[in-house]
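In what follows, residues are counted from 1 in the order of the sequence shown. Bear in mind that the values here come from a model prediction, so they are computed numbers and not experimental data.
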Amino acid sequence: MKLGFVGAGTITEAIVTGFLSQVSGDEAVIVSPKGAAIAARLADRHSAVTIARDNQEVVDMADVLFLAVRPQIAEEVVRSVSFRHGQIIVSLVATIETSRLQSWIDADVKITRAVPLPFVAERRGVTIVFPQDEAVRSFFAKLGTAVECRSQNEFDLLTTASALMGTYFGILEHAVGWMTGKGISESQARTYLVSLFSSLAHTAQSSSSQSLQQLRHDFSTKGGLNEQMFRDFEAGQGMKALEIGLETLLARVRSSGVKQG
C-alpha cells in the first residue's frame, strides 16, 4: 500500500512517524515537496518515504491520498491537480465539508474526513473520523484511538472539543506561574502538576463506569480543599467562561470559511 500526502506539515509528520514505526513490508509513503524541511526530515529518517516532484505525482502514485493543507489554500491546491475515479481520499482539512471538497475535484472519489492530533506520532493519539469508514478507522486505530462519528453534529462537537488543548496547557502555565511567584522552583511546580494531571487522566480512563461527576465528588472531600477550589472556580465564572468558549467555537466550526486553527 502506498500512502500519499499532499502537504507536509506537522500533522503529516506525526502520521507518517507513527505509521512507519509499527509497519513492515511493502508499505510506502510519498509526500509533496511543499514543507520542504519536514519532507526532507521524513525522507532522511525513513527509507520508505519518497519526496514527489509535485502534488500531481503524489496524487498519481497514492493508493490512499491524505489532503493535509491549510484551509486557506485548500481550494487552490485541490483544483490544481487531477484525481482518479474511485480514489480514496482522507481529508485532514477539518474545516472543509465533504460536499464542498467534492465540488473542487474533477472525479468521483471517496472522501473521509479525519482530525488526527499530534500524539499519533507516538501511537497514542485520538482521531475523529467522519463518515464512518472501516478502513480509515482501522488505520487511525493503529495510531492510538479512532472515534467514528455517526453525524455531522458529532463531528462538529468533537472538533470543537479538540480546541481545549491550548486551554489545558494554559491552566498548567498559569498555575505553575502562580506557584513560582510564591517561591517554589518552576521545575518542581511543573513536575508536580504535570504528574498530577496525568494521574487524573489515567483515573478517568480506567474508571469509565463512573460518571465524571462521581469522580469529582470522590476526589473532593466534603469541606476540603478540592471542594473549595471547585466552588471558587464556579463562583468566579470559570465554568461559564468554558461554556461560552465552547459555544463560540462551535458556531465558528459550523460557519463557512476558516473554522479551526
Side-chain angles (χ1 to χ4, degrees), residues 7 9-12 14-15 64-75 77-78 87-105 108-120 124-171 201 204-205 207-216 234 237-261:
T10 301
I11 292 300
T12 291
I15 294 173
V64 179
L65 180 70
F66 292 80
L67 293 177
V69 296
R70 291 181 290 109
Q72 295 90 337
I73 64 171
E75 182 174 4
V77 171
V78 171
Q87 191 161 23
I88 299 172
I89 298 176
V90 181
S91 173
L92 308 182
V93 192
T95 62
I96 306 296
E97 293 186 358
T98 301
S99 59
R100 189 176 173 200
L101 182 60
Q102 179 66 71
S103 71
W104 303 338
I105 295 176
D108 182 16
V109 297
K110 181 178 182 182
I111 302 173
T112 303
R113 299 165 70 189
V115 185
L117 300 179
F119 321 113
V120 295
R124 56 186 182 86
V126 58
T127 301
I128 310 166
V129 175
F130 176 74
Q132 295 176 317
D133 184 282
E134 177 55 30
V136 177
R137 185 208 65 78
S138 177
F139 175 84
F140 283 110
K142 295 174 183 176
L143 303 181
T145 302
V147 178
E148 286 188 299
C149 298
R150 295 166 295 181
S151 67
Q152 180 68 49
N153 183 56
E154 289 184 356
F155 183 82
D156 290 345
L157 289 171
L158 293 178
T159 299
T160 298
S162 70
L164 288 169
M165 290 187 293
T167 302
Y168 167 80
F169 286 114
I171 290 172
Q205 284 185 317
S207 306
S208 57
S209 61
Q210 290 182 272
S211 70
L212 295 175
Q213 182 184 49
Q214 183 59 53
L215 288 173
R216 175 168 61 82
E234 217 171 15
Q237 300 299 304
M239 303 297 283
K240 185 65 175 178
L242 176 61
E243 185 174 339
I244 290 173
L246 289 170
E247 290 286 357
T248 301
L249 287 176
L250 179 60
R252 183 180 176 187
V253 165
R254 286 176 172 169
S255 68
S256 59
V258 180
K259 306 172 186 175
Q260 182 190 17

Minimal non-hydrogen separation, [X] against [Y], with atom names:
X	Y	value
Arg113	Thr98	CD-OG1, 3.2 Å
Thr12	Gly7	OG1-O, 2.8 Å
Ala14	Pro118	CB-O, 3.6 Å
Thr160	Leu246	CG2-O, 3.5 Å
Val115	Thr159	CG2-OG1, 4.1 Å
Ser207	Leu215	CB-CD2, 4.1 Å

Could you check whether any side-chain heavy atom of [X] comes within less than 4.5 Å of a side-chain heavy atom of [Y], counting everything from C-beta outward?
X	Y	answer
Leu143	Pro116	no
Leu164	Leu242	yes
Lys110	Asp133	yes

Working to the nearest 0.5 angstrom, can you tell me the gap between [X] [atom1] and [Y] [atom2]?
X	Y	atom1	atom2	value
Lys142	Arg137	NZ	CZ	10.0 Å
Leu250	Arg252	CG	CZ	12.5 Å
Ser91	Ile96	OG	CD1	7.5 Å
Thr10	Ile15	OG1	CD1	11.0 Å
Phe130	Asp156	CZ	CG	8.5 Å
Glu75	Leu101	CD	CG	10.0 Å

Does Glu243 have any salt bridge (charged side-chain N to carboxylate O under 4.0 Å, His left out) partners at least two apart in sequence or in another chain, and if so, which? none
Evaluate Arg254 against Asn153 for side-chain contact (heavy atoms from CB on, under 4.5 Å), listing each step before the verdict. CA-CA 9 Å; Arg254 286 176 172 169; Asn153 183 56; 2.2 Å; yes
Have a look at Leu67 and tell me which of Val77, Ile111, Ile89, Leu92 forms a side chain to side chain contact (heavy atoms under 4.5 Å, CB included) with it. Ile89
Do any N or O atoms from the side chain of Ser138 and from the backbone of Glu134 form a donor-acceptor pair under 3.5 angstrom? no
Side chain of Glu154, backbone of Arg150: donor and acceptor closer than 3.5 Å? yes
Under the side-chain contact (heavy atoms from CB on, under 4.5 Å) rule, what do Val147 and Leu158 come out as? Steps first, then yes or no, please. CA-CA 9 Å; Val147 178; Leu158 293 178; 3.8 Å; yes
Please work out which of the three classes, parallel, tilted or perpendicular, describes the rings of Phe139 and Phe66, given edges at 30° and 60°. tilted
Derivation and outcome, side-chain contact (heavy atoms from CB on, under 4.5 Å), residues Phe119 and Val126: CA-CA 8 Å; Phe119 321 113; Val126 58; 5.8 Å; no
